[in-house]
Amino acid sequence: MFSGLSAFPLTPMNAKGPDEAAFVCLIERLAEAKVDSIGALGSTGSYAYLNRAERARVARLAVQHAGQVPVMVGIGATSTREVLRLAEDAQLAGASALLLAPVSYQPLTSEEVYELYCSVSHELSVPLCVYDNPRTTHFEFSDELHGRIARLPGVASIKIPGVPAEPEAARERVARLRKLIPSHVSIGISGDPWAATGLNAGCEIWYSVLGGLFPQAALALIRAAQRGDAALAEQLSRQLAPLWAMYNQHGSARVMAAAAELLGYVNAPCLPAPLQALNNTERTTLASLLTKLAL
């Protein structure tokens, strides 16, 4: 499950908590599209805004409605104790893998991050994906730290936040990391605007926000990259450049939430307060863009 397209859906919210019916519909759409895996409770899935019981319930729903598609569940939290509890819940729910970012309130040191992954990896019965997300966690992984963590038991993939825009520099960045991690650990790209460049540079999996709502568009891009058609993958990404620009301006979760609301997949508002999706003017721009891009 650590190659191809891993689609990260929203966890739609209402006044009472997760909108279970809307979430199930999103999961079933991904299963029908035959994505390679589903990433539940990632950043787009608002994991940090849900309590333990809500996260356990969402994990169960994702697994129950994903069909044959394996589900990876996010278990990030500010304490190792809570991470281990969430890991237990996700494994009991039937998750095929777990996703862990070094979430913190106090800034973490490299040794503290290593000890987090060491403590968690030794307690798991399913593979672990290392979630490198400095924009959210405010922690910068070094390649050397990635190398240490990748050798822990059960670590199966690293989710990096992006690559340089220039293709040769992107290949060099992926190659440097590949030299430091075991061959069985895949390198995955996140940050949709960099997906085509990262995949063409040697990343084996795309951890995709776009794929969580528009799986067919994401599948077209990654299948082109997997076939070795780098030019087509880059072309498909360039066509989506106006959407990437909205990501950069508003954040990908807000854009996808507004898109899901506009298309009637979820009820508005679907983000956990105090987060808000786009305003009316921005929604009008997004609606026109979705039509233009045939999304």
Side-chain angles (χ1 to χ4, degrees), residues 1-6 8 36-37 39 41-43 47 72-78 80 83-84 86-87 96-104 106-124 126-209 222 225:
M1 64 179 289
F2 294 105
S3 64
L5 176 66
S6 187
F8 279 65
D36 297 300
S37 64
L41 296 172
S43 296
Y47 74 93
M72 179 168 64
V73 174
I75 58 169
T78 53
T80 301
V83 169
L84 290 171
L86 293 165
S96 297
L98 303 179
L99 173 69
L100 177 58
V103 181
S104 67
Q106 298 290 346
L108 296 174
T109 68
S110 293
E111 195 59 31
E112 288 168 338
V113 170
Y114 177 78
E115 289 300 327
L116 167 66
Y117 285 96
C118 186
S119 297
V120 174
S121 67
H122 284 87
E123 298 295 328
L124 301 183
V126 299
L128 180 66
C129 177
V130 177
Y131 189 1
D132 182 353
N133 187 9
R135 182 174 179 178
T136 297
T137 64
H138 308 292
F139 178 81
E140 296 276 352
F141 280 84
S142 67
D143 287 354
E144 290 72 22
L145 180 60
H146 271 312
R148 289 181 69 198
I149 292 173
R151 287 173 170 75
L152 292 170
V155 173
S157 186
I158 296 172
K159 182 177 187 284
I160 64 173
V163 292
E166 200 282 315
E168 183 59 33
R171 286 190 289 272
E172 291 175 358
R173 192 273 175 273
V174 174
R176 286 197 307 271
L177 184 56
R178 172 52 65 197
K179 289 179 180 179
L180 294 173
I181 66 174
S183 59
H184 69 272
V185 177
S186 73
I187 300 174
I189 188 73
S190 65
D192 289 350
W194 296 277
T197 305
L199 293 166
N200 290 337
C203 292
E204 295 112 312
I205 181 169
W206 177 14
Y207 295 108
S208 175
V209 175
I222 194 164

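Residue numbers run from 1 in the order of the sequence given. Everything quoted here is computed from the prediction, not taken from an experiment.
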Taken in chain and number order and not counting sequence neighbours, the residues that satisfy side chain to side chain contact (heavy atoms under 4.5 Å, CB included) with Ser183 are none
Considering residues at least two apart in sequence or located in another chain, which fulfil the side chain to side chain contact (heavy atoms under 4.5 Å, CB included) criterion with Ser104?
Leu108
Considering residues at least two apart in sequence or located in another chain, which fulfil the side chain to side chain donor-acceptor pair (under 3.5 Å) criterion with Thr80?
none
Contacts of type side chain to side chain contact (heavy atoms under 4.5 Å, CB included), residue Pro153, not counting sequence neighbours
Ser121, His122
In this structure, CD1 of Ile189 is separated from NZ of Lys159 (nearest 0.5 Å) by 9.5 Å
Can you tell me how far CE of Met1 sits from OG of Ser96, rounded to the nearest 0.5 angstrom?
5.5 Å
Applying side-chain hydrogen bond (donor to acceptor under 3.5 Å, both in side chains), which residue pairs with at least one partner in residues 160-175 are found, sequence neighbours left out?
Asp143-Arg173, Glu168-Arg171
Per the ring-ring contact (aromatic ring centres under 6.0 Å, His included) rule, what does the pair list look like for residues 138-190, sequence neighbours excluded?
Phe139-Phe141, Phe141-His146
Are any non-hydrogen side-chain atoms of Val120 and Leu152 less than 4.5 angstrom apart?
no
Looking only at heavy atoms, which two atoms of Pro164 and Ala169 are closest? And how far apart?
CB-CB, 3.7 Å
Starting at CG of Leu86, measure out to CG of Leu98 and round the result to the nearest 0.5 Å.
10.0 Å
Which heavy-atom pair separates Ser43 from Asn133 by the least distance, and what is that distance?
OG-ND2, 3.4 Å
One should read off an interatomic distance between Asp36 CG and Ile205 CD1, to the nearest 0.5 angstrom, of 7.5 Å
So which heavy atom on Leu116 is nearest to which on Pro102, and how close?
CD2-CA, 3.9 Å
Please give me the minimum heavy-atom distance between Pro161 and Trp194, naming the atom from each residue.
O-CE3, 4.1 Å
Please confirm whether the backbone N or O of Leu100 pairs with a side-chain atom of Tyr117, one donor and one acceptor, at under 3.5 Å?
yes
Apply side-chain contact (heavy atoms from CB on, under 4.5 Å) to Val73 and Tyr47, showing your working.
CA-CA 10 Å; Val73 174; Tyr47 74 93; over 6 Å; no
Which pair of heavy atoms, one from Ala87 and one from Leu124, lies closest together, and at what distance?
CB-CD2, 3.8 Å
Just wondering, do Val185 and Val130 contact through their side chains at under 4.5 Å, heavy atoms?
no
Could you check whether any side-chain heavy atom of Ile160 comes within less than 4.5 Å of a side-chain heavy atom of Cys203, counting everything from C-beta outward?
yes
Partners of Asp132 by salt bridge (Lys or Arg N to Asp or Glu O under 4.0 Å), sequence neighbours excluded?
none
What residue pairs, at least two apart or across chains, pass salt bridge (Lys or Arg N to Asp or Glu O under 4.0 Å) with a residue in residues 178-187?
Arg178-Glu204
Provide the closest heavy-atom pair for Ile222 versus Gly4 in the form atom of the first, atom of the second, distance.
CD1-O, 2.8 Å
List the steps, then state whether side-chain contact (heavy atoms from CB on, under 4.5 Å) holds for Ile149 with Ile158.
CA-CA 10 Å; Ile149 292 173; Ile158 296 172; over 6 Å; no
With sequence neighbours left out, what residues match Thr197 under side chain to side chain donor-acceptor pair (under 3.5 Å)?
Glu234
With Tyr207 as reference, evaluate Ser6, Ser37, Ser157 under the side-chain hydrogen bond (donor to acceptor under 3.5 Å, both in side chains) test and give the passing residue.
Ser157
Approximate separation, where rounding is to 0.5 Å, of Ser110 OG and Glu140 CD:
10.5 Å
Return the set of residues passing side chain to side chain contact (heavy atoms under 4.5 Å, CB included) with Ala225 (not counting sequence neighbours), or none when no residue passes.
Leu199, Asn200, Ala233
Just jot down the salt bridge (Lys or Arg N to Asp or Glu O under 4.0 Å) partners of Glu111, sequence neighbours excluded, or say none.
Arg148
